[in-house]
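This structure is a prediction, so every number in the text was calculated from the model and none was measured. Chain A is the first sequence line, chain B the second, and so forth, proteins listed ahead of strands; every chain is numbered from 1.
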Amino acid sequence: MLPLSYYQNEDVLFLARDLLGKKLTTQFNNEVTAALITETEAYVGETDKASHAYGGRRTRRTEVMYRAGGVSYVYLCYGMHNMFNIVTGASGVPHAILIRGVKLVEGMEIAMRRTGKELKKDEKINGPGNVTKSMGISREHNGLSLTGEIIYLEKTRMIIPPEEIIVSARIGVSYAGNDALLPYRFRLK
DNA sequence: GCCTGGATCCAT
DNA sequence: TGGATCCAGGCC
């Protein structure tokens, strides 16, 4: 399991890239799903106009972003989609990484039941709303430690050469002005 | 209090 | 391209 120290790295862009290929597991109600991370986006603390914590905004919703790295930040978007983020960095620094895509390696049947959709072997799950739906993550899991038993990450044998990673601008953040153009989205080819 | 719009998804 | 669907955040 990835230790707390992993998440407390101050370099959120490094972590967003490094999380590609890591294995994310959820287990509750006797149901286990596990998936390799294929797409992430970094949200850089208080200085990033696309971040919920931009300008030091500190509210009930964003409070968990200010905790020390290694906890989850789950919020509702568009009234219907749960978004799963990994909080990183030191306490007081609201960095977060949104998980936008995964590839399931365990619990395909469970994921299909949760989403009501067919899923072929090795098929990627794209879109943050689809990731949480497939893996059963919801706002109940907000603020949960990622070194516990319910949601955790592990290293894998995967070695990802730089040319396998597509770096681009983030999705759906046009309100963020020039920060919308920053190359903070990372995905596997 | 009320109003606006969103780190989306899917069918059209 | 728009409808679903609802809450957080900002402003009154």
Could Asp11(A) and Arg17(A) be called an ion pair, given the rule that one side-chain N must be under 4.0 Å from one carboxylate O?
no

Please check if the side chain of Lys103(A) supplies one atom and the backbone of Gly21(A) the other of a donor-acceptor pair under 3.5 Å.
no

Please give me every residue in residues 41-51 of chain A whose heavy atoms get under 4.0 Å of an atom in DNA chain B, ordered by residue number.
Tyr43(A), Ala50(A)

The side-chain contact (heavy atoms from CB on, under 4.5 Å) partner of Thr26(A) among Thr33(A), Ile110(A), Val32(A), Ile150(A) is Thr33(A)

Ser91(A) side-chain N/O to Arg67(A) backbone N/O, donor-acceptor pair under 3.5 Å
no

Can Arg139(A) be said to sit on top of Tyr75(A)'s aromatic six-ring, NZ or CZ under 6.0 Å from centre and within 45° of the ring axis?
no

Kindly indicate whether the side chain of Thr25(A), heavy atoms from C-beta on, has any atom under 4.5 Å from the side chain of Lys23(A).
yes

Distances under 3.5 Å between nitrogen or oxygen atoms of protein and nucleotides 10-12 of chain C:
| unit_1 | atom_1 | unit_2 | atom_2 | d |
| --- | --- | --- | --- | --- |
| dG10(C) | OP1 | Arg57(A) | NH1 | 3.2 |

Does a side-chain heavy-atom distance below 4.5 Å link Ile137(A) with Asn82(A)?
no

Between the side chain of Thr88(A) and the main-chain N/O of Ala96(A), is any donor-acceptor distance below 3.5 Å?
no

Any residue of residues 69-87 of chain A with a heavy atom less than 4.0 Å from an atom of DNA chain C:
Leu76(A), Tyr78(A), Gly79(A), Met80(A)

Answer with base, sugar-phosphate or nothing: what part of the nucleic acid does Arg61(A) contact at a heavy-atom distance below 4.0 Å?
sugar-phosphate

Within the side chain of Thr40(A), is there an N or O that forms a donor-acceptor pair under 3.5 Å with the backbone of Ala16(A)?
yes

For DNA chain C, the dot-bracket pattern of Watson-Crick and G-U pairs whose distances stay under 3.5 Å, | for other-strand partners
||||.||||||.

Hey, where on DNA chain B does chain A first and last touch, going 5' to 3'? Cut-off is any atom under 4.0 Å from a heavy atom.
dG6(B) to dC10(B)

Report yes or no: does Glu10(A) contribute a side-chain atom to a donor-acceptor pair with the main-chain N or O of Ala90(A) at less than 3.5 Å?
yes

In whole Å, what separates the P atom of dC2(B) from that of dT5(C)?
23 Å

Do Glu39(A) side-chain atoms and Leu188(A) backbone N/O form a donor-acceptor pair below 3.5 Å?
no

So, are Glu41(A) and Arg170(A) salt-bridged, with charged N and O less than 4.0 Å apart?
no

Do Lys22(A) and Glu154(A) meet the salt-bridge criterion of a basic N to acidic O distance under 4.0 Å?
no

Under the ring pair (Phe, Tyr, Trp, His ring centres under 6.0 Å) definition, can you give me all pairs with a residue in residues 11-47 of chain A, not counting sequence neighbours?
Phe28(A)-His141(A)

Salt-bridged, Arg57(A) to Glu63(A), with N to O below 4.0 Å?
no

